[in-house]
Protein chains: 2
Amino acid sequence: MASGELSVKVALNSWKLVVERLDRVFSRLSEAQFSKEVAPGKNRLIYLLGHLTAINDAMLPILGLGTQLHSELDTMFVSTPDKSAQLPAVHELKKCWSEVNSRLLSQFANLSADEWLLRHYAMSEDDYVKEPTRNRLAVLLSRTNHMSYHLGQINLAIEQLV
Amino acid sequence: MASGELSVKVALNSWKLVVERLDRVFSRLSEAQFSKEVAPGKNRLIYLLGHLTAINDAMLPILGLGTQLHSELDTMFVSTPDKSAQLPAVHELKKCWSEVNSRLLSQFANLSADEWLLRHYAMSEDDYVKEPTRNRLAVLLSRTNHMSYHLGQINLAIEQLV
């Protein structure tokens, strides 16, 4: 395996591992348990489920892999904090979470190692020339870290529930 | 830049970004504030500072980059949960945290892209042949995620303190 391919495979493994950890956590909880806050006065689990779904969904256009599947979640879960809007039901959000991650995985599989190193679409061609590390792979790692960040918070609530 | 090199650079940028975020958080807190728990009954900030230091320190032997700088932290911060041992002072732990991350960065700079894709030292040569993705780069991404995981928890406590 060429070194570029192997690096991308390692990064994709890391992405998949964190998605699987979140899948396991979400599958263990009852609908009612999603109302629990990760710490007193902080985000509820249902909000983080929607937030992670919306942020992952936004990777599709950023990576040039298509349009968002559930752009209706952006307002509720990205531009608005928790407890300020009526949220969809947990089972609907879980469906969105799975759909988004399945779509991402199938789109990721179509990219060659070299294509992972092309610029992402939230930056201009000019900026990419100056800073070639701002590529698709950087977005993948950043969003993997984003999931880990919230997984750490989610697990604080989970230990008390299951 | 060859694709292997560019991938490694992206992964190192991601590592540095998370270390810098933690540095910023740790530098904003008074010694007394490190006694705060991230959530009721959970780890204190001082414990997570020591824990992150110990786990990062252990990367040196795992990556074949030398011996640990502060192996004395392992018992207190890895094999023992919080609130079961007398901990060192915060300013000593902060010194260890900086030393460990400086040493890692300077050692990382000596590795070529191909060397990042060699096996890590917690696995045998035979296993590496079967699974070449279990390499140094995988350890780097895993430990970056580990830091993000705890950063998410730390920030829950921080928002109330500063």
Side-chain angles (χ1 to χ4, degrees), chain A residues 1-18 21-22 36-43 48 52 112-120 128 131-160, chain B residues 1-18 21-22 36-43 48 52 112-120 128 131-160:
Chain A
M1 204 183 291
S3 71
E5 281 171 52
L6 187 52
S7 310
V8 164
K9 199 164 178 208
V10 167
L12 285 172
N13 282 352
S14 168
W15 164 270
K16 286 178 204 166
L17 187 75
V18 184
R21 281 187 189 155
L22 282 162
K36 175 114 176 80
E37 294 170 334
V38 297
K42 301 293 177 178
N43 290 326
L48 289 180
L52 289 166
S112 69
D114 285 344
E115 285 169 330
W116 274 106
L117 298 173
L118 294 180
R119 76 180 170 98
H120 60 72
Y128 175 71
E131 232 179 306
T133 54
R134 293 180 61 189
N135 51 34
R136 283 179 171 136
L137 186 64
V139 174
L140 181 72
L141 297 188
S142 150
R143 298 312 183 271
T144 306
N145 277 316
H146 178 255
M147 288 193 291
S148 295
Y149 181 98
H150 290 298
L151 176 61
Q153 299 177 333
I154 290 167
N155 276 345
L156 291 175
I158 294 301
E159 287 156 24
Q160 293 159 356
Chain B
M1 204 184 292
S3 71
E5 279 170 53
L6 187 52
S7 310
V8 164
K9 198 165 178 205
V10 167
L12 285 171
N13 281 353
S14 169
W15 163 272
K16 286 178 204 165
L17 187 75
V18 183
R21 282 187 187 154
L22 282 162
K36 174 112 176 81
E37 295 170 334
V38 297
K42 302 292 176 178
N43 290 326
L48 288 179
L52 289 167
S112 69
D114 285 343
E115 285 169 330
W116 273 106
L117 298 173
L118 294 179
R119 77 180 169 96
H120 59 73
Y128 175 70
E131 233 180 304
T133 54
R134 293 180 60 188
N135 51 35
R136 283 179 171 136
L137 186 64
V139 173
L140 181 72
L141 296 188
S142 149
R143 298 313 183 271
T144 306
N145 277 315
H146 178 255
M147 288 193 292
S148 294
Y149 181 98
H150 290 299
L151 176 61
Q153 300 177 333
I154 289 166
N155 276 346
L156 291 175
I158 294 302
E159 287 157 23
Q160 292 159 358

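Chain naming here is simple, since letters A, B, ... match the order of the sequence lines and numbering starts at 1 in each.
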Contact check, side chains of L151(B) and N155(B), non-hydrogen atoms, under 4.5 Å = yes

Top of I154(B), T133(B), N135(B), N43(B) for chain A proximity - count of heavy-atom pairs under 4.5 angstrom | T133(B)

Part of D114(A) within contact of chain B (heavy atom distance under 4.5 Å) = side chain

Heavy-atom distance under 4.5 Å to chain A: side chain of A138(B), backbone, both or neither?
-> both

Where on N145(B) is there a heavy atom nearer than 4.5 Å to chain A: the side chain, the backbone, both, or neither?
-> both

Could you state the interatomic distance from CD (E37(A)) to CG (L48(A)), rounded to the nearest 0.5 Å?
-> 11.0 Å

Got a list of side-chain donor-acceptor pairs under 3.5 Å for residues 5-12 of chain A, not counting sequence neighbours?
| from | atom 1 | to | atom 2 | distance (Å) |
| --- | --- | --- | --- | --- |
| S7(A) | OG | S3(A) | O | 2.8 |

Selection from S148(A), S142(A), G4(A), S14(A) maximising heavy-atom pairs under 4.5 Å formed with chain B | S148(A)

Once you round to the nearest 0.5 Å, how far does CE of M147(B) lie from CH2 of W15(B)?
-> 4.0 Å

Residues which pass side chain to side chain donor-acceptor pair (under 3.5 Å) with T144(B), listed by chain and number, not counting sequence neighbours | none

